[in-house]
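Take a look at the structure set out below.
Fair warning: this is a prediction, and the values are worked out from it, not measured in the lab. Chain naming here is simple, since letters A, B, ... match the order of the sequence lines and numbering starts at 1 in each.
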Amino acid sequence: KNEVEQSPQNLTAQEGEFITINCSYSVGISALHWLQQHPGGGIVSLFMLSSGKKKHGRLIATINIQEKHSSLHITASHPRDSAVYICAVRRGQNFVFGPGTRLSVLP
Amino acid sequence: KAGVTQTPRYLIKTRGQQVTLSCSPISGHRSVSWYQQTPGQGLQFLFEYFSETQRNKGNFPGRFSGRQFSNSRSEMNVSTLELGDSALYLCASSLADRNTEAFFGQGTRLTVV
């Protein structure tokens, strides 16, 4: 069993839909990051969470430390949101990464 | 404020050669970590440097090495390249503490032929 799991693996949505990507982890962590990777490779850090909830524009991230679970929500999705979303947990000095969720938002 | 800069962006090498990749962190950031991304294994941690010292190392063979300079710029080196080393190599920088946000570079795509 991977230390960090994500669901779904792939997601196709219509423009405007509300999207949820889930991340669960099995190890103790100091922080959890949500990352976005567009084709071409570069990674952008969307959120860093150690508790509660954060919002940035149309993106919302929540974490439940007791449940070892985090969700990333995208409201009013847009084709430019199409990317791979990666959950990464900070364990000591390392990151342990989830396998990623590939999101395609169709116009 | 400039972001994390990785050079080169693309590289093609032959099996058996060695390669050096460079990462310039955000100004003021002292921690630089390196990751390998392959289609089969996803993102995996290589090593982390802080103040010119390697703080942690992932599960990679000794052919993978790195260093950090006094200006926090970091290099990673892969010797005796194998086909399986073909990957996107990413670096990330952060201020220092493990609970600070990490910022990623665009990556270097290495192809070994």
At what distance, to the nearest 0.5 angstrom, does CE of Met48(A) lie from CZ of Phe103(B)?
9.5 Å

CD1/Ile43(A) to CG/Leu88(B) distance, rounded to the nearest 0.5 angstrom?
7.5 Å

Given Arg109(B), Gln41(B), Gln37(B), the one with more heavy-atom pairs under 4.5 angstrom with chain A than any other is Gln37(B)

Portion of Leu43(B) that has a non-hydrogen atom of chain A nearer than 4.5 angstrom
both

So disulfide bond (SG atoms under 2.5 Å apart) across residues 10-91 of chain B, not counting sequence neighbours, yields Cys23(B)-Cys91(B)

Specify whether Phe97(A) and Tyr35(B) have parallel, tilted or perpendicular ring planes, treating 30° as the upper limit for parallel and 60° as the lower limit for perpendicular.
perpendicular

Other residues, nucleotides, ligands: >12 heavy atoms within 6.0 Å of [X] [atom1]:
| X | atom1 | value |
| --- | --- | --- |
| Ile65(A) | CD1 | yes |
| Asn71(B) | CG | yes |
| Arg15(B) | CZ | no |
| Arg102(A) | CZ | no |

Considering non-hydrogen atoms only, spot the tightest contact between Ala102(B) and Ser45(A) and give its length.
O-CB, 3.4 Å

Arg90(A) and Ser94(B), any side-chain heavy atoms less than 4.5 Å apart
yes

With sequence neighbours excluded, residues passing side chain to side chain contact (heavy atoms under 4.5 Å, CB included) with His78(A)
Glu15(A), Arg58(A), Arg80(A), Asp81(A)

